[in-house]
Amino acid sequence: MIGRSSMLGRRCLSTSTARRALYNNICETVGSTPTVKVNRLAPAKVNLYVKLEYFNPLASVKDRLAVAIIEDAEKKGELKPGGTVVEATSGNTGIALAMVCAQRGYNFVCTMAASFSVERRKVMRMMGAKVVVTPAPLGGTGMVLKAEELAEKHGWFLARQFENEAGPEYHAKTTGPEILKDFEGKKLDYWVTGYGTGGTFQGAGGSTWSWRASQTWAEEELPRPLKRGGRFMNPWTTPEGQDPCEKRLRDVVRFLSEAPPKSTASTDVDARLTQPVDWAELRRLRQASAAAPVAVWLGHASVLGFYGETTVLFDPVFSERSSPFSFVGPKRYTPSVLRRDLSDWPEDLAPHVVAISHAHYDHLDEETVRRLAIRFPKVQWLAPLGLGEWFQRRKIEVTEMDWWQEFPLDREKQLTILALPAQHWANRWPWDRNCSLWCGYGLVHGAPHEAAVRDMPLCFLGDTGYCPVFRLLGSLFRIQLAAVPIGAYHPRWFMSPSHCDPYEAVQIVEDLKSQAALAIHWGTFPLTAEPYTQQLAELRDARQRAQALGQSAQLRALPVGGHMLLDSNGADLADLLAPNELRA
């Protein structure tokens with residue numbers, strides 16, 4: 001935690017029970033840990049504090065998790081007096097659960113791989129726990145499978161520390177408010193935590209952000225991704241409590257059987273769909289209009305954004321195919337406007353930041369990532385939660401972003417990039433669906449507590465279905481230029497929850513109250529059933545309908561390689577290339 005002396009404003013905060021002299025049991029001593037200033041190790045002019053979680057009775061933040069899981073199971077009736085708790089753990093969670101179970105009168109069984117600490121086994125056994133040691137070669141997977149086997153066989157309560165929502169909820173009610181109470185009347189610039197189960201980050205981080213945001217955002221409830229079974233979910237669930245983007249197997253089979261039409265082949269593409277990137281003009285615009293955003297469409301969802309001295313590249317995909325394989329998968333029908341090795345990209349217009357919206361191959365392309373890392377080795381990479389390991393395996397440093405999290409783009413933190421909510425899903429392979437998050441991004445001026453409505457010069461939505469969050473964004477930010485997806489939306493019975501069509505895209509621009517908008521996520525790969533001419537025709541029709549209702553009709557389609565300013569009024573491809581009539 002890093003703070004600078006500055007007033008946040010007065011606010012009454014709840015916090016966990018203050019330390020007292022007498023306690024009824026050991027579990028009551030969990031929490032209310034002190035926050036202490038680091039005086040000799042912190043950099044100059046930085047006030048650095050640490051929250052001492054080792055003041056918990058068993059010297060770990062996992063004491064909070066154990067209390068949370070057991071109390072939640074008791075409230076739900078999942079754990080009866082004299083019952084047995086089982087969990088796979090490498091140590092600290094097991095020690096904490098052993099303590100809580102011993103105090104509450106439950107049996108505790110821990111499964112642990114033989115390669116983990118012998119000392120921690122002894123501590124758990126000292127508190128009455130039974131430790132089942134699994135073979136070392138099976139690692140963490142072996143001990144998890146053993147815990148699940150024992151729970152199913154004996155009817156024991158399985159704690160599921162990585163999936164149990166009780167942990168984040170407990171941190172949101174205790175750890176986060178404790179931090180805010182400690183810093184009441186002071187400016188808290190950064191909050192840093194380790195990431196294990198993710199409970200501290202999700203819970204304490206969420207309550208910390210929500211409180212700071214509520215200073216100026218009138219207690220708006222900021223939507224946050226849900227998590228079920230260790231996988232992310234959209235928060236706008238169906239009446240049955242399901243993620244709207246979740247698909248049944250039979251739906252997937254039906255969709256895959258409906259191949260895209262031949263009209264999207266490269267032989268059918270109008271030459272006006274692409275143009276060379278005018279680097280000289282972009283350089284001139286950057287120097288002449290530093291206070292206005294410029295967006296360059298590089299095909300599909302790839303957008304290069306300029307604002308002031310900052311250059312951000314969103315979702316770069318410059319390969320021939322949107323696929324994990326070079327020989328099969330959706331192939332471009334509009335050529336890339338950049339050389340394969342990116343040697344035609346001027347150094348003085350290099351991106352400072354590359355921001356990835358999610359894991360799908362049409363947004364995260366391995367060949368493009370590697371070539372960018374070679375061409376521009378100093379670039380800063382951003383990606384949603386869960387994608388860090390993918391980059392680390394490729395020896396690329398990346399910052400993982402949760403919704404509403406900000407990354408500073410200048411030393412004064414006057415310009416940040418903010419991860420925005422979106423309604424979508426993510427995977428690289430069939431077995432890792434929603435193991436990573438999805439998001440959009442916005443360049444934002446100032447800190448959350450400094451203005452009721454903040455300026456957002458550039459907003460990038462990446463890939464999304466229509467959802468309620470866009471009206472919220474339009475109320476929280478003054479958005480200048482937005483990049484909004486319009487393509488890959490047929491058949492609607494399958495695509496509507498995760499991909500907006502041109503009519504919904506025009507409505508999104510209306511919700512955002514954006515001054516200008518660039519159409520993206522179209523005209524590049526044959527991902528779905530509609531040809532690009534239909535995408536343009538529906539965009540034109542959607543704008544005409546919006547104009548008739550007195551609504552925004554700012555969403556424009558440019559050639560690949562074209563750039564957009566706030567006051568752009570040049571030719572629009574929806575007027576130039578769309579057929580005269582809509583396809584039935």
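Computation of the quantities below employed the complete heavy-atom set of this structure, encompassing side-chain atoms and omitting hydrogens, waters and symmetry-equivalent molecules. Starting from 1, each residue takes its place in the sequence as its number.
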**Report entry** For Arg371, side chain to side chain donor-acceptor pair (under 3.5 Å) partners two or more places apart
**Finding:**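 Per chain and number, Arg371 pairs via side chain to side chain donor-acceptor pair (under 3.5 Å) with Glu367.
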**Report entry** With Asp341 via side chain to side chain donor-acceptor pair (under 3.5 Å) - residues at least two apart
**Finding:**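 For Asp341 the side chain to side chain donor-acceptor pair (under 3.5 Å) partners, ignoring immediate neighbours, are Ser343.
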I'd like to know if [X] pairs up with [Y] as an ion pair, taking the criterion as any Lys NZ or Arg NE/NH1/NH2 lying under 4.0 Å from an Asp or Glu carboxylate oxygen.
| X | Y | value |
| --- | --- | --- |
| Glu406 | Arg454 | yes |
| Arg160 | Glu165 | no |
| Glu178 | Arg64 | yes |
| Glu169 | Lys173 | no |

Nearest 0.5 Å, what's the [atom1]-[atom2] distance between [X] and [Y]?
| X | Y | atom1 | atom2 | value |
| --- | --- | --- | --- | --- |
| Leu458 | Tyr307 | CG | OH | 10.0 Å |
| Met124 | Asn92 | CE | CG | 9.0 Å |
| Glu397 | Gln392 | CD | CD | 9.0 Å |
| Cys101 | Met127 | SG | CE | 10.0 Å |
| Thr368 | Arg340 | OG1 | CZ | 9.5 Å |
| Ser475 | Lys513 | OG | NZ | 6.5 Å |

Verify, without hydrogens or angle tests, whether [X] (side chain) and [Y] (backbone) share a donor-acceptor contact under 3.5 angstrom.
| X | Y | answer |
| --- | --- | --- |
| Trp404 | Pro223 | yes |
| Thr416 | Leu418 | no |
| Tyr441 | Ile356 | yes |
| Asp315 | Ser357 | yes |
| Asp63 | Gly31 | no |
| Ser514 | Ala517 | no |
| His352 | Thr311 | yes |
| Asn427 | Asp432 | no |

Side-chain contact test, heavy atoms from C-beta onward, threshold under 4.5 Å: evaluate it for [X] versus [Y] and give yes or no.
| X | Y | answer |
| --- | --- | --- |
| Leu222 | Trp403 | no |
| Trp345 | Leu304 | yes |
| Val369 | Glu366 | no |
| Val317 | Asp362 | no |
| Asp365 | Phe318 | no |
| Trp425 | Asp243 | no |
| Ile69 | Glu87 | no |
| Ile95 | Met99 | no |

Query raised in the report: Are there more than 12 heavy atoms of other residues, nucleotides or ligands under 6.0 Å from atom CZ of Arg433?
Result: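 Correct, the count exceeds 12.
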Query raised in the report: Are there more than 12 heavy atoms of other residues, nucleotides or ligands under 6.0 Å from atom CD of Glu281?
Result: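 Result for CD/Glu281: enclosed.
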Requested in this report: Mark yes or no: Arg428 above the aromatic ring of Tyr361, with NZ or CZ under 6.0 Å from the six-membered ring centre and no more than 45 degrees from the axis.
Outcome: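 Because its charged atom sits under 6.0 Å from the ring centre and within 45° of the axis, Arg428 does stack over Tyr361.
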Query raised in the report: So Asp344 and Trp279, side-chain hydrogen bond (donor to acceptor under 3.5 Å, both in side chains) or not? Walk me through it.
Result: CA-CA 9 Å; Asp344 53 340; Trp279 295 110; 5.0 Å; no
Query - Non-hydrogen atoms of Ser302 and Pro316 that approach each other most closely - result: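 Closest heavy-atom pair between Ser302 and Pro316: OG-CA, 3.4 Å.
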Report task. Identify the heavy atoms of Ala88 and Ala147 that sit nearest to each other, and give their distance. Result ->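 The pair with the smallest heavy-atom distance is N-CB, 3.9 Å.
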Requested in this report: Determine, stepwise, if the pair Asn47 / Lys37 fulfils side chain to side chain contact (heavy atoms under 4.5 Å, CB included).
Outcome: CA-CA 7 Å; Asn47 294 321; Lys37 186 175 182 179; 3.4 Å; yes
Verify whether one side chain among [X] and [Y] offers a donor that lies under 3.5 Å from an acceptor in the other.
| X | Y | value |
| --- | --- | --- |
| Glu28 | Asn24 | yes |
| Asp278 | His563 | no |
| Glu53 | Asn56 | yes |

Requested in this report: Check the pair Asp410, Thr310 against side chain to side chain contact (heavy atoms under 4.5 Å, CB included), reporting the backbone distance first and the verdict last.
Outcome: CA-CA 9 Å; Asp410 57 21; Thr310 300; over 6 Å; no
**Report entry** Val469 vs Thr464, side chain to side chain contact (heavy atoms under 4.5 Å, CB included): CA-CA, chis, key distance, verdict
**Finding:** CA-CA 11 Å; Val469 77; Thr464 182; over 6 Å; no
Query - Step-by-step side chain to side chain contact (heavy atoms under 4.5 Å, CB included) determination, Leu58 to Ser60 - result: CA-CA 6 Å; Leu58 267 296; Ser60 166; 5.7 Å; no
Only distances under 3.5 Å count here; give the side-chain donor-acceptor pairs of residues 376-390 to other protein atoms, sequence neighbours excluded, each with its distance to 0.1 Å.
unit_1: Gln380; atom_1: NE2; unit_2: Thr399; atom_2: OG1; d: 3.2
unit_1: Glu389; atom_1: OE2; unit_2: Arg393; atom_2: NH1; d: 3.4

Query raised in the report: According to the interplanar angle, ranging from 0 to 90°, do the rings of His358 and His363 count as parallel (below 30°), tilted (30 to 60°) or perpendicular (above 60°)?
Result: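 Ring orientation, 0 to 90° scale: tilted.
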